[in-house]
Structures are given as structure tokens and as C-alpha cells.
Amino acid sequence: MATPHATTSHWIRPAGLVVLFASALGLIGYSCVSISYPVGDTCENEFGITELSLTHSVERGPDGSLKSRDHDETAEAAWQEPQGEPELPTAVQEERPAAHEDSHLSQREPVNPEVPPPGASNPRITKPAPAKPAPKKPAKGKEPCPT
Amino acid sequence: MGAIVTRTRKIQRARVFTQLSVLVFLNIPFLNARMVCAPVFYCHSCPLASMACPLGVLINFSTLRIIPFVTIGILVLVGTLGGRFVCGWLCPFGFLQDQLRKIRSRKLSIPPQLGYLRYVVLAGLVLAVPFFWPGKPYTFCDFCPSGTLESTIPWAFLGVWNGLTLRFFTRMAILIAVIVLAIFVTRGFCRTLCPLGGFFALFNRFSLFRLGLAYDNCNSCGVCRKLCGIEIDPALRTNDLDCTRCLDCTTVKHIEIGIR
């Protein structure tokens, strides 16, 4: 059996591995159990924020709070942008980041084949973009987002 | 020597099978697991992507100024267990580079100091730029070759793109440069620019599963060095930062991988 050349004390590496392993599990568990973020009127855990961020559906507002970006407005703007349609409101244009120009639309578009891609003529797809689900309202008498 | 070649081919076949399996798994959209990152370099904007890219998550959370505890936990967990084993056996972009390596060409050497570029990319384009300039198109995702290959090009075929813009040409140029690099330098992107590979490399020396050399039995024949595609001498630099744990060198009986 191969015996590696010992360059450190025998207990330091196993102890370090245990600490790292426990820390990693602790981070994951802590996020699953304790962490939630207020996004508008709803609360999202880290998994929700991850999914929202993939489609750029959440952003930091001017006041520093997280807020969701309207999907309908996003989809409509995505339709209009490449076709040179009437200008969007200035506030929306300024807010939209220019990141991921080529994959930006793909990130903004949900994985939904029924959502018509902007600029593409596809007569088969006639359904409009999916409506944004109604935000969940917190129960009466409770904090909107326990943290 | 014939036995070593046979064992090497078995390991390589197993590695290809594993990499293809992971590639298929990452492209099952009905899994709908994009709220969790897969610890590999794969773009979550791919039309079929089932999981999130850890770099994309880090960038998005840095933009939102939130600490991604789950993503960091997953990366630390995977690194602690196997170091860069993910790079050698699971990463789809690594699989692409392994196949490009087979193109007959003169293989070039690169100085190991170029590996520090990975940490510049990690600290700058992944963490600092989205944190200090949120919304600006200068993050790693805006230049990512994996994103170009797995997202920009497929979506362009599906009719979702902004046309032949400067950014499109920039991304294509970067992708072509990375492909050319992979042809002439084994795992060139992994060794010089991949921030995820740079992160996992930090765990290589002390991960739970790692390589071990039987120094007493080593006769310095150099066979393990010839088997290594990363130009590492496993006898001298076992568990090097650049080692992707492809395990080709373990066909030499003096080198083993295991819990040690």
C-alpha cells in the first residue's frame, strides 16, 4: 500500500477535513433552516433567490431592499427591444442591466417553449407570455419575513 | 508496459462514460433543479439546463450583495472530498477539452505561474465586478466560453438572440481562443482561467481522497510523468494544484488514490 510522504503532523489534516466538512454542512443547513429574504411582499429562501436570480427576476431597489422584477413587463420589453418598437419608459430602460447581451434574453426568458422568442417569426406560437403569479401575502398578524 | 496501456485505456473509458453521464444529467430540464448548483462548469442558461452554475450563482448573489451559503457549502463539501476530482471526471467543459486534446497537434507547455490568473478571474470578474458595479456587463458570465457554447449558440439557433453585435463577436472570439488553446495545451483553460478549477485546486493537497506515492518502491522510471497530460511529475508533485485527478498516472502501481 502506498505511503505518502508525511510533511505535516498526522492530526492536523484530519482535523482540518472534519472542520471543513462540518462547516460546509453547517452552511447548507443554516441556509435551509434559518435564512430567508424579503422580496417585495414575500419571503424567499436561498433556493428561491437562486432561481429568481437566474432569470434576473430579483434586484436591489434604490432603498437597498430586494424587489422582484415584473415578468410581464420583462417579457413585453423583450419582445419590443429587438424590433425597435415604441420606446419603453425611461425608468425601465435605465434599470435593465446590459449584462449577458447574447444570453440575456435566454436568461430572462423562462424555460417555456410557449413563450414566443423576441424577433422570431413563429406563427405556431400564439400564446402570450405567462402571467406573473400573484404574490403571496403574509398571514395577518405575522411578520412578513422572519429573519 | 502493455499492461499499463491497457489499464490507462480502461480508466479513460470510465472517465468518458462518467463525463457523458454527467452531461446528460445536466441536460434533463424536467428535473427542474436550477435552485441548486451543480459543482461543475456548466451554464444554467442552456435551454436544457437542469441545475445552476456555481459561478453564475456567485455572480448573481454578489450583485444582490447576499452570501450564497448553500453554494459555498456545496463547493467546500465537494472540494473537501475530492479536490479537483470534479474537474477530471465530472466537468462537461473538461470533457470537451479532453476530446480536443486528441486532435493531433504539437502540444505546448505553459508556465505554472499562469495558474494564478484563475484567482484573478475569481476575485475580479466573479466577485468584485458584480459587487461594486452591479448590472454592468463585465462579469465572468459575459465572457464565459461555456456560456457561449451552451447558451448563446443554442439560443441563437432557437431564434433568441440580439444579432451580430460586438458582444456576440467578443464571446465567439473568446470561445474560439479557448478551443484553440485546448488543442495545443492540455486542459489549457482549466490550468489558466477557470475560476472554479482554481477554487477546487486549493483543496487538492489535503482533500479526503487524494493521490499517494509509494516512495520506497519508486525507481524514477518516469512512466507516470509520461502518462500525465498536465505535464506534472506525480513522483515529485503529487497532488499538485493543477492535477485534475484524471487517474491516468495510477496505472503505475506505485501511485494510488484513496483516503489518506
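Hydrogens, waters and symmetry mates are skipped; everything else that's a heavy atom, side chains included, is used. Note on naming: letters A, B, ... go to the chains in the order of the sequence lines (proteins, then strands), and numbering restarts at 1 for each one.
Counting heavy atoms from C-beta on, the side chains of B:Asn60 and A:Leu54 come closer than 4.5 Å. Taking 4.5 Å as the limit, every side-chain heavy atom of A:Asn45 sits out of range of all side-chain heavy atoms of B:Met35. The side-chain heavy atoms of B:Val57 and A:Glu46, taken from C-beta on, include no pair separated by under 4.5 Å. Between A:Tyr37 and B:Leu64, the closest side-chain pair of non-hydrogen atoms is not below 4.5 Å. By the 4.5 Å heavy-atom criterion applied to side chains, B:Ile66 and A:Arg60 are counted as neighbours.
Listed by chain and residue number, B:Phe203 satisfy the ring pair (Phe, Tyr, Trp, His ring centres under 6.0 Å) test with B:Phe199 (two or more places apart in sequence, or in another chain). Every residue two or more places apart in sequence or in another chain that forms a side chain to side chain donor-acceptor pair (under 3.5 Å) with B:Arg237 is listed here: B:Asp240. Remark: B:Phe25 engages no residue in a ring pair (Phe, Tyr, Trp, His ring centres under 6.0 Å) (not counting sequence neighbours).
For residues 243-251 of chain B, a heavy-atom distance under 4.5 Å to chain A picks out no residue at all.
Minimum interatomic distance between A:Leu17 and B:Phe206 (heavy atoms only, all atoms of both residues): CD2-O, 3.0 Å. Summarising the geometry of B:Val70 relative to A:Ile28, their closest heavy-atom pair is O-CG1, 4.0 Å, with the distance given to 0.1 Å.
Residue contact with chain B, scored on non-hydrogen atoms closer than 4.5 Å, involves the side chain of A:Tyr30 exclusively. Using a 4.5 Å cut-off between heavy atoms, B:Phe61 touches chain A through its side chain atoms alone.
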